[in-house]
Amino acid sequence: MDTGVASDTADELYRIRREIIAACYPTTYCETLADGRIIDIWHRPMADGGWVSTYDDVTERRQAESRIAFMATHDALTSLPNRALLRDRLSRLASPNENHESLTALLLIDLDRFKEVNDTLGHAAGDKLLRLVALRLQALLGRQDLAARLGGDEFAILHHATDAGGTAALAQRIIDALVAPYELDGNRVNVGASIGISLAPVDGSDPEVLLTSADLALYRAKSRGRGNFAFFESDMTASAHRRRVLELELQQALLLGQFEVHYQPQVNLKTEQVTGAEALIRWRHPARGLVGPEEFISIAEEVGLIAPIGEWVMRQACHDAARWRDGMRVAVNLSAAQFRTNLAEMVTSALVTGGLPPTRLELEVTESVLLEETEATLRTLRQLRTLGVRISLDDFGTGYSSLRYLRAFPFDKIKIDRSFVGEIAADAHGAAIVQAIANLAASIGIETTAEGVETKEQLDLIRSKGCTEVQGFYFSPPRPVSE
Ligand code: C2E
Ligand code: MG
Ligand code: MG
């Protein structure tokens, strides 16, 4: 007895049926026909020598199942394998009883400046960029290699390596391929890439360990600046642990009131009068003594603690400065991350609570704030400016020193980085740069402060270049407010 199927490929089904009947035992199996259809066959011989078979066309169900399986293991945007599939492949490739000769390299790739593209050109452009990145990655891979998207702007490559040298060369090729400009709806866009690499079985064979190791290497690569790659090294685990401890300690420090603000005077070069002071945070660590900001600000930025720490400094500085003689200004440093909070509101509240007129507050931002330049950042700066707060551009000369930033926002002051001031007496280049910045500032009518003046000789040279203000150990190092 037959039930079910209406088949165009009758001959084929007939052949299958004959084989099953001839075999004469109960069976259930699945046949793919020449036209691609998939038939489930159920066959039972009867005691009287007859039989019952059903033929079930399951083509659509099977296709839906394989689509679901694909979706579960692939990224919808780029169609690359996803994290789950990568992990699965990693566990098979890296297992020690696999081929002993071969190395498996895991490369974690993080795009630099992707967020800017998303923010300025919109998410559709961001999506398009990610698809182009996926294509460029696939074009670089060998037949056995695998590219995956782990989410956001993070990609990974599983590479059958012969040695570390070959892997390093691949990493460099990837970086070079990804920095080439992209065309997105008529816009020319540049992004870069940083890469962290772990090797199996050298660095481990557990997928989680390999992913974590590559991630630590990626962190190291990024800290060397954009467009770099780094291999995992065992000391990275220890430094990740130190970072974690530091993060917990910083949270404690905030709760226990272990931070202090010290102030360094800023001196007007014409009048030789102190016009204000810069607030510089210090950490009174119970075991390590007084710790400088260089050792903890960047960690605080990374772990998201800079907003509460920065707010604490702002409130303390406004409170302290309100008690100084009239006209003395206080300068407070801001991190880029603080522009992603409601900064104008926080500053207003600190001024009001501390009782400091806005004209006596100066905010120091670095180019990194403008690097993430969005309408929102500029709006915040203008809002603060409208209050009467002054804005200065800190550490000028160390970053891109792009004149574009000077045009993007009308700063009140440029602070020339102390590295140029330190060289001014010894090096003609340093002197020329200080001169150029001072001239530029004078021509657009803004002040210049030279940072890090330590000697009389430097002071005289700075004065001759036309800077308007100085700050440095020559006059005073940063000191507690009581002094
Ligand atoms: P900065 O804003 O450029 O501050 C000037 C730095 O130069 C201070 O280092 C100061 O102690 C140092 N300095 C001043 N005069 C001299 C000198 O004559 N010679 C030398 N060698 N150094 C001099 P400090 O206090 O270690 O601060 C380092 C950086 O940490 C600051 O650089 C600033 O970027 C950041 N920072 C400090 N306090 C805060 C804060 O409250 N919030 C944020 N976001 N960053 C802060
Ligand atoms: Mg500063
Ligand atoms: Mg500075």
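Just so it is clear, the model here is predicted, and its values are computed rather than measured. Whatever order the structure lists them in is the order used to number ligands and atoms, beginning at 1. Numbering of residues begins at 1 and proceeds along the displayed sequence.
Aromatic rings of F411 and F396 (six-membered ring for Trp) have centroids beyond the 6.0 Å cut-off, not under it.
In this structure, CG in D153 is found 12.0 Å from CZ in R113, a value given to the nearest 0.5 Å. Taken from OG1 in T104 to CG in L199, the straight-line distance is 9.0 Å, to the nearest 0.5 Å. Taken from CD1 in I174 to CZ in F229, the straight-line distance is 10.0 Å, to the nearest 0.5 Å.
Nearest N, O or S atom of E364 to the Mg ion (ligand 2): atom OE1. Its N, O or S atom nearest to the Mg ion (ligand 3) is what matters here, and for D394 that atom is OD1. Of all the N, O or S atoms in D395, the one closest to the Mg ion (ligand 3) is OD1.
Of the candidates K415, K413, R418, E451 forms a salt bridge (charged side-chain N to carboxylate O under 4.0 Å, His left out) with just one, namely K415.
Contacts between T366 and ligand 1 below 4.0 angstrom, taking non-hydrogen atoms only, are absent altogether. Residue contacts with ligand 1, taken as heavy atom pairs separated by less than 4.0 Å, involve S335 via backbone and side-chain atoms alike. With a 4.0 Å heavy-atom cut-off, ligand 1 is reached by the side chain of D395 but not by its N, CA, C or O. Heavy atoms of K415 found under 4.0 angstrom from ligand 1: none, in either backbone or side chain. Contacts with ligand 1 closer than 4.0 Å are made by side-chain heavy atoms of V313 only, the backbone lying farther away.
At least one heavy atom of E278 sits closer than 4.0 Å to an atom of ligand 1.
Checking Q264, Q471, H262 against atom 15 (N) of ligand 1, the nearest heavy atom belongs to Q264. The heavy atom nearest to atom 6 (C) of ligand 1, out of those in E294, R418, Q338, Q316, is found in R418. Considering P293, P478, A279 only, the shortest heavy-atom separation from atom 24 (P) of ligand 1 involves P293.
With hydrogens left out, the protein atom closest to atom 10 (C) of ligand 1 is L280 CD1, 3.9 Å, a heavy atom. At the shortest separation from atom 34 (O) of ligand 1 among protein heavy atoms lies N333 OD1, 4.4 Å. Remark: minimum distance from atom 19 (N) of ligand 1 to any protein heavy atom is reached at E454 OE2, 2.5 Å. Of the protein's non-hydrogen atoms, the one nearest atom 5 (C) of ligand 1 is E451 OE2, 3.7 Å. The nearest protein atom to atom 18 (O) of ligand 1, hydrogens excluded, is given as F473 N, 2.8 Å; this is a heavy-atom distance. With hydrogens left out, the protein atom closest to atom 38 (N) of ligand 1 is I281 N, 3.2 Å, a heavy atom.
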Review point. Where do D127 and R131 land on the salt bridge (charged side-chain N to carboxylate O under 4.0 Å, His left out) test, with the steps shown first?
Key: CA-CA 6 Å; D127 285 354; R131 280 196 289 265; 5.5 Å; no
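The angle that N333 OD1 and E278 OE2 make at the Mg ion (ligand 2), rounded to 10°, works out to 90°.
Comment: E249 does not engage R244 in a salt bridge, judged by the lack of any side-chain N to carboxylate O separation of less than 4.0 angstrom. Between E247 and R243, no side-chain nitrogen of the basic residue sits less than 4.0 Å from a carboxylate oxygen of the acidic one, so the salt-bridge criterion is not met. Between E208 and R87 there is a salt bridge, with a side-chain nitrogen of the basic residue lying less than 4.0 Å from a carboxylate oxygen of the acidic one. Using a cutoff of 4.0 Å between basic side-chain nitrogens and carboxylate oxygens, R385 and D412 are scored as salt-bridged.
Side-chain atoms of T449 and Q471 include no donor-acceptor pair closer than 3.5 Å. Side-chain polar atoms of Q264 and H262 form no donor-acceptor pair below 3.5 angstrom.
Atoms of ligand 1 found under 4.0 Å from any heavy atom of V453, numbered from 1 in the order shown, are 18 (O). Heavy-atom contacts of D394 reach the following atoms of ligand 1: 1 (P), 2 (O), 3 (O) (cutoff under 4.0 Å).
Between F296 and W283, the angle of the ring planes goes over 60°, which puts this pair in the perpendicular group of the 30/60° scheme.
Within the 4.0 angstrom cut-off, atom 3 (O) of ligand 1 has one or more protein heavy-atom neighbours.
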